[in-house]
Amino acid sequence: MDSPFSEYLNSSYIPSDAETPLIRALIQQKLDVIGSIDKEIKEVEDSLAALKIRRKATKIFIRKHQALLAPIKLLPPDILSTVFLACLPLIECPEAAMTPNHPAVVISQVCHHWRQLAFDTPLLWSRIQLILPNVNCNPYFPLDEADRVNGETAALFDSVVQRLFDTTAIWLGRSKDCPLTIFMDASESAAGGVDLSQLRTLEGSVLMGLGKLVGLLLSESKRWEQIRFRLAIVGDSCKSQLSRLLFLTPQDVPILHKASIVINAVDILEAPLSPIVGSEPTDFWDGIAMGTIHGQSLQSLTLACPKAATKLKALQVNWGGLTELSLRPHMLVSGRNGVTDLTADEALNLLRLCPNLKRCNLAIGNGSLHSGWGTPPPVWRTPLPVAPVQEDRPVCRLPYLHSLILREDIGRTDSLASALDLPSLRSFTQLSPAHWPRQAPHTGFPPSYLNPEEESLWNVIPLVKWVQRFGHTITSIDFKHIGVPQHTVEKCLEDLPNLISLTIRSPFSESWNMNTASPWALGSGCDSFLKRLTPEVIDDGDTVTIIPGFLCPKLEDLVLNSFLVSAPVQLVFNEASVLELLTGRAMASSKTVPEVSRVSKLRYISLAFVDPKVVDIEQELSRRGFDLDEFVGEWNYPDPYTPPSSLHTPQIYDFAMDEF
């Protein structure tokens, strides 16, 4: 902008007395201009704000009218209610908790129509989840404060119980006459301990609160269709409230068809236990019949409780009606497992009673007391053979059994395989305890560990007998037996021509060399196993030939990994071997291969690497002309990490098996 003082701006010039009024006039003139500009800006901003308001109102108008045309509004009520039911989580999930965030509650708050439809869909409210907090006194509080602290704890527990009681009553009312699915996880542990004076207040609150909830559930027992109880029960029938859930009559549960009962024993207030290895409170369960599971409609049964409660003479279950059965170890209050495992002969007697089984999960042992299933024994501990099945017994035929899981404790199940006839067996899982191989004497090991006469108990696994007998029908194998020789596994796979899914959860014996300076390290020698799974393809341009001799041509799912703190090595592989496996399988499954010799396409693979460089693997596959997603539906590659023990092992994902 022009100014008569332009030549003096940004200088040290001092205006004269005559120039000062002129400068002030120029400043005032421009201030007036700024005021005019500000006024224009405000008008423009007001106009812009008005436009934004109009735009927002128009968008709301459009959205509301679009909502009138929403496809979901065209769904008939029966379809919409089915969509609502599909939103429900599994009963054990945290999302299934009966809170304001439960899907049923959220759905009922969308609009009046949805709310009414939700209330008119009783199945939406038929799943009851009751997870109660564990209540224990704190022995470290001074005696003068213990009563106050325990009183506050009891009041808090009472408030939780009251909230669950009120919510459950609402759920039961809205479910109307629908069959119920109930999941309850509760403990009477506050009724046990050693300091009676500090436990009186908590004992009364816990048992009274549990009794209130149990009474509410029992009032609707005729609607129980599925129950899943995880209960810690005191061994006193006069005090226990949770045990009332187990001692109903078949008439009380006429439609119950699926039951899962896990019982953990806890101490009694008047006679506290001091659990030691092998101890088990059995007096309470001797002669007790859990009538809740004696109904004629029961089809699926899972039990993990004191063995005294699982005696066949006490269990008057409708065995012939069961299609699913799971008997698993139970946990003592000390954290050790109790004696729930069956001998092979007991298991056979039980299976004879269940001719219609389709899925079975059993813990097999030698019937002795033990410190816990899955606890790694010392390396010098010799596996004990399970008492064999009597040879003169007739073969037990289960024509419909297609899935069998055996959790072997300190023993073996070879004889059980020869006593069974399973024409429909497709999936077989065998989980054994940690038995390590012996390849060379090691300083400090007891003489029993070095006894060569016991070698067969270490290096011959029960899986061999099962595969020899049922390998022609099995399509899925999952096993864990630390220290199994690789050649034994390969021989088993040769006898599994129809195998589709393979899971190995433990390292081979060849992976551990006790003569190394640091045996607790990553295994080696596993790559030769991958080579046996890799087809050799010859493409001369005109024809594609696959060299026979590789294992598992129908394989689609492959999981080869382990992360076991009880094992000195892990099952890991080098990148080059993995690349050869992937490319070999991809080429052998391509459409250019004649259908008669074409292998199945991999759908899922999980492997652990010695030093994984995932980017390099993907780049190398791309360089070879393969797209990872073209022939592997899901690709799981774990990243390495260093545990606190400085043992460099790969991180792998746990493929946990649900009981059913």
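Along the sequence shown, residues carry numbers from 1.
Remark: Gln251 pairs with Thr249 by the side-chain hydrogen bond (donor to acceptor under 3.5 Å, both in side chains) rule, at least two apart or across chains. Residues passing the side-chain hydrogen bond (donor to acceptor under 3.5 Å, both in side chains) test with Lys222: none are found, sequence neighbours excluded. Applying the ring-ring contact (aromatic ring centres under 6.0 Å, His included) test to Phe183 and every residue at least two apart in sequence or in another chain returns nothing. Under the side-chain contact (heavy atoms from CB on, under 4.5 Å) criterion, Ala155 pairs with no residue, sequence neighbours left out. Listed by chain and residue number, nothing satisfies the ring-ring contact (aromatic ring centres under 6.0 Å, His included) test with His112 (two or more places apart in sequence, or in another chain). Residues that satisfy the side-chain hydrogen bond (donor to acceptor under 3.5 Å, both in side chains) test with Ser175, not counting sequence neighbours, are Arg223. Residues passing the side-chain contact (heavy atoms from CB on, under 4.5 Å) test with Pro71: none are found, sequence neighbours excluded. By the side-chain hydrogen bond (donor to acceptor under 3.5 Å, both in side chains) test, Asp557 pairs with Arg603, sequence neighbours left out. In this structure His102 satisfies the ring-ring contact (aromatic ring centres under 6.0 Å, His included) test together with Trp171, sequence neighbours excluded.
With a 6.0 Å radius and a threshold of 12 heavy atoms from other residues, nucleotides or ligands, Tyr400 has its OH atom at or below the threshold. Under a cut-off of 6.0 angstrom, the local environment of CG in Asp177 is sparse, with at most 12 non-hydrogen atoms contributed by other residues, nucleotides or ligands.
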Leu404 and Leu398: CA distance, side-chain angles, deciding distance, side chain to side chain contact (heavy atoms under 4.5 Å, CB included) verdict: CA-CA 11 Å; Leu404 178 61; Leu398 301 174; over 6 Å; no
Residues Lys358, Leu325; criterion side chain to side chain contact (heavy atoms under 4.5 Å, CB included); working and verdict: CA-CA 9 Å; Lys358 296 180 180 179; Leu325 174 65; over 6 Å; no
Derivation and outcome, side chain to side chain contact (heavy atoms under 4.5 Å, CB included), residues Leu499 and Thr475: CA-CA 4 Å; Leu499 194 66; Thr475 60; 5.7 Å; no
Residues Arg359, Thr323; criterion side chain to side chain contact (heavy atoms under 4.5 Å, CB included); working and verdict: CA-CA 6 Å; Arg359 308 179 73 180; Thr323 58; over 6 Å; no
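Two residues are said to be in side-chain contact when any heavy atoms from C-beta on lie closer than 4.5 Å; Gln299 and Glu324 fail this criterion. Leu80 has its side chain out of reach of Pro77: every pair of non-hydrogen atoms, C-beta onward, lies at least 4.5 Å apart. Contact check for Ile261 versus Leu301: no side-chain heavy atoms found under the 4.5 Å cut-off. Between Leu298 and Val317, the closest side-chain pair of non-hydrogen atoms falls below 4.5 Å. In this structure, Thr503 and Leu560 have side chains that are not in contact, with every pair of non-hydrogen atoms separated by 4.5 Å or more. In this structure the side chain of Leu246 reaches within 4.5 angstrom of the side chain of Ile263, judged on heavy atoms. Within the 4.5 Å cutoff, the side chain of Asn361 has no heavy atoms near those of the Leu327 side chain. In this structure, His402 and Leu425 have side chains that are not in contact, with every pair of non-hydrogen atoms separated by 4.5 Å or more.
Checked options Leu351, Leu422, Ile405; the residue passing with Cys360 is Leu351 (criterion: side-chain contact (heavy atoms from CB on, under 4.5 Å)).
Heavy atoms only, all atoms of each residue included: Leu210 and Ala186 are closest at CD2-CB, 4.0 Å. The two residues Val105 and Thr99 make their nearest non-hydrogen contact at CG2-O, 3.6 Å. In terms of heavy atoms, Leu231 sits closest to Met184 at CD2-O, 4.1 Å. Considering every non-hydrogen atom in both Glu188 and Val206, the closest pair reads CA-CG1, 4.2 Å. For Ile500 against Leu555, the heavy-atom pair with the smallest separation is O-CD1, 3.4 Å. Gln129 approaches Ile91 most closely through the heavy-atom pair NE2-O, 2.8 Å.
Although no hydrogens or angles enter the test, the distance criterion places a donor-acceptor pair under 3.5 Å between the side chain of Asn318 and the main chain of Gln296. Here the side chain of His294 pairs a donor or acceptor atom with the backbone of Gln316 at under 3.5 angstrom. A donor-acceptor pair under 3.5 Å is absent between the side-chain atoms of Ser221 and the main chain of Leu217, judged by distance alone. Panel note: side chain Asn356, backbone Leu322; no donor-acceptor pair is recorded below 3.5 Å. Listed for the Thr292 side chain is a donor-acceptor partner under 3.5 Å among the backbone atoms of Leu245. Looking at Thr121, its side chain never comes within 3.5 Å of a backbone N or O of Leu124 through a donor-acceptor pair.
Here the straight-line distance linking atom CZ of Phe479 with atom CG of Leu406 works out to 14.0 Å at 0.5 Å rounding. Rounded to the nearest 0.5 Å, atoms OG (Ser81) and CG (Leu123) are 8.5 Å apart. Rounding to the nearest 0.5 Å gives a distance of 4.0 Å between OG1 of Thr181 and CD of Gln226. Note that the CE atom of Met98 and the CD1 atom of Ile131 stand 9.5 Å from one another [nearest 0.5 Å]. Atom CE of Met290 and atom OG of Ser243 lie 11.5 Å apart (nearest 0.5 Å). The distance from the CZ atom of Arg426 to the CD1 atom of Ile474 is 9.5 Å, given to the nearest 0.5 Å.
For residues 62-73, no residue pair satisfies the side chain to side chain donor-acceptor pair (under 3.5 Å) rule, not counting sequence neighbours. Residue pairs that meet the ring-ring contact (aromatic ring centres under 6.0 Å, His included) test with at least one member in residues 73-97, sequence neighbours left out, are Phe84-Trp114.
No side-chain donor from either of Ser501 and Glu556 sits under 3.5 Å from a side-chain acceptor of the other.
Taking 4.0 Å as the cut-off between side-chain N and carboxylate O, Arg228 and Glu92 count as a salt-bridged pair.
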For residues 157-168, which side-chain N or O atoms pair as donor and acceptor with protein atoms under 3.5 Å away, sequence neighbours left out?
unit_1 : atom_1 : unit_2 : atom_2 : d
Ser159 : OG     : Leu156 : O      : 2.6
Gln162 : OE1    : Lys212 : NZ     : 2.4
Gln162 : NE2    : Asp166 : OD1    : 2.9
Gln162 : NE2    : Asp166 : OD2    : 3.4
Thr167 : OG1    : Arg163 : O      : 2.8
Thr168 : OG1    : Leu164 : O      : 2.6

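Relative orientation of the Trp224 and Phe229 rings is perpendicular, given thresholds of 30° and 60° on the angle between their planes.
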